[in-house]
Protein chains: 2
Amino acid sequence: MDIARVFCETFNIAETDAQKFNSKFVHESLPKNSYFLRTGERCSKFSFIASGLVRVFAETEKKEVTQWIGNAGYFLTDVSSFLFQQPARWNICALSETTLWTLSYDDYIHFEKDLPEWNMLEKRFVAKCFAMMESRIFDFISLSAEERYAQYFKLFPHHFNQVPLQYIASVLGMSPETLSRIRAR
Amino acid sequence: MDIARVFCETFNIAETDAQKFNSKFVHESLPKNSYFLRTGERCSKFSFIASGLVRVFAETEKKEVTQWIGNAGYFLTDVSSFLFQQPARWNICALSETTLWTLSYDDYIHFEKDLPEWNMLEKRFVAKCFAMMESRIFDFISLSAEERYAQYFKLFPHHFNQVPLQYIASVLGMSPETLSRIRAR
DNA sequence: CCTTCCGCTTGACAAAAATCAAGAAAATTT
DNA sequence: AAATTTTCTTGATTTTTGTCAAGCGGAAGG
C-alpha cells in the first residue's frame, strides 16, 4: 500500500508532492486485541490503516460505548489528543490483526515546521472528518433506527461478518437486541 | 466586539498577531427571518456572531431538520461549502436581529496565500468544530433523551426563552411533544 | 381592539425500543 | 474433540417515544 497515493486522493494534491510524505510513515503491526491508544494517554500517532479493523470506544459508568469502527483505507488517530496533545478521550483497540502506516508526533511537528503546505493538507483532512461527523449527526436527528442501519450497511457492508454486532449496535446508538431484530427483517 | 480578541482566545495566539485579521472582517447586519445561506448555494462567508441567534437547518422529504442553533460568540459558516466551495447543505436563517463580523471568501483566499500561519489557525478552528461534533455524537449514542436535554440546557440555557422549542427538539433528535413532556418534569 | 396565526401543552393511543431472561450458535481454549 | 466462553437471537414485558387531535395563550397584524 502506497501512502503517497492515498495522500493524493485524500488531500487532492499531485503525486510528486505526496511522495515527500511517504518516507516518514513507518509500517507498524497491531496484533488482535492490542491497544493503539488508551483513554487518558496523549495520542502520539497519526496512522493510516493498511489492513485490519479497529474499534474506537470509551467507558462510561453504565456501559462501554463504541464511537467508530475503522477499516483499511481510513486514517486513525484521536484528532483532539493528537493535534492539541491533550489526554485522549478514546480507547482504540484492534478487532483483528491490523497493519498501519504511522507518522510519529515528532515527525509530524517537523512537517508542520518545514512544509508550508502541510497545514493546508491537515486542514483538509480535519475538514473531511468534520463533514463525516456532521452527516452522522444529521442521520441521528433525521432518520429512524432502521434507516440508520440501512445507511450503515450501505457504507460498511464488510463490517457485518467481521465485527461483533454489539459494537455496531453501539455505533448506531441502539441496543444489540434492537439491531438483531432489525436485521431479522 | 473585537475580532482580534476572539481570535486570540479561539486559536490561542498573541493579540498582536490577531490584530492582522481584524481589518478584513466587516460588520454585517442580518434582519430577523433573513437568510445567511440557502441550501445549494456556495457559502462565501466566514462570520463571527456578535449578537443574535441563527438557525442552521435542512429540508428532507418528510420534515425540516434543525442541525444547530448559533448564538453570539460562535463562528458561522457552512464549513464544507466554504472550504471546498461546494453547494451548501444547510439553510441558515436569523431567528432574531443578528449582527455579524464577516470575512469574504476573496479575502479569505488572500489570507491563505499571504499569511503562513493562517492554515494552522484554520486547522485549529476546524479541529475544534470536529471535537464539538464528536461530543455530540457521543451524547447521542451514550445518553437518554432526558440526559441529552439536561446537557443542552447546561450548555445553552439562554436558548430556552429565545428559540422556539420545536427547533431545540429537532437539534436533540426528538419530537416537540417529547421535549415538552421532559421539560414538564 | 379584535382576529388570526403560531407555538406550546396535554391526553389518548400506537409504535418503537430497552430490558430481562433463556437458550442457541459460534468462536476460542484446553 | 470437548469444554468454555462469547456472541447472537428470541420471547415476554416495561418503558420510552412518536403520532394525532384538541385546546390554550401569547404575539403579530389588520
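For the numbers below, each heavy atom of this structure counts, side chains included, while hydrogens, waters and symmetry mates do not. Residue numbers begin at 1 in each chain, while the letters A, B, ... track the order of the sequences.
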Review point. Rounding to a whole Å, what distance do you find between B:Tyr167:OH and C:dG7:C1'?
Key: 10 Å
Exercise for review: May I ask you to check whether B:Tyr74 and B:Phe48 place their ring centers less than 6.0 Å from one another?
Suggested key: no
Exercise for review: Could you please spell out the steps behind the salt bridge (Lys or Arg N to Asp or Glu O under 4.0 Å) verdict for B:Glu117 and B:Lys123?
Suggested key: CA-CA 10 Å; B:Glu117 65 270 48; B:Lys123 180 189 78 184; over 6 Å; no
Check your understanding: So, are B:Arg55 and B:Glu64 salt-bridged, with charged N and O less than 4.0 Å apart?
Key -> yes
Practice item. Starting at atom CD of A:Glu146, determine the distance to atom P of C:dA15, rounded to an integer number of angstrom. Key: 14 Å
Exercise for review: Measure from NZ or CZ of B:Arg89 to the centre of the six-membered ring of A:Phe138 and say whether it is under 6.0 Å with the direction within 45° of the ring axis.
Suggested key: yes
**Study point:** Interatomic distance where CG belongs to B:Leu95 and P belongs to C:dG7 [whole Å]
**Key:** 11 Å
Check your understanding: For DNA chain C, which residues in residues 178-185 of chain A have a heavy atom at a distance below 4.0 Å?
Key -> A:Thr178, A:Arg181
Point to revise | Any N/O donor-acceptor pair, A:Glu177 side-chain to C:dC20 base, under 3.5 Å | key: yes
Check your understanding: For A:Glu147 and D:dG18, what is the distance between atoms CD and P respectively, to the nearest whole Å?
Key -> 13 Å
**Study point:** Length of the line joining A:Asn161:CG and D:dC8:P, which is rounded to integer Å
**Key:** 12 Å
Practice item. Would you sort out whether B:Glu134 and A:Gln67 count as a side-chain contact (heavy atoms from CB on, under 4.5 Å), showing the intermediate values? Key: CA-CA 9 Å; B:Glu134 196 177 52; A:Gln67 175 85 350; 3.6 Å; yes
Check your understanding: Which whole-number value in Å describes the distance from A:Phe140 CZ to C:dA17 P?
Key -> 12 Å
Check your understanding: According to a strict under-4.0 Å criterion, is A:Lys32 in side-chain N/O contact with OP1 or OP2 of C:dT28?
Key -> yes
**Study point:** Nearest-angstrom distance from the residue atom NZ of A:Lys62 to C1' of C:dC20
**Key:** 18 Å
Practice item. Return the value, rounded to whole Å, for the distance between atom CG of A:Leu165 and atom P of D:dT10. Key: 12 Å
Study note, to complete from the structure: CG (B:Leu179) and CE (B:Met174) are apart, to the nearest 0.5 Å, by 6.0 Å
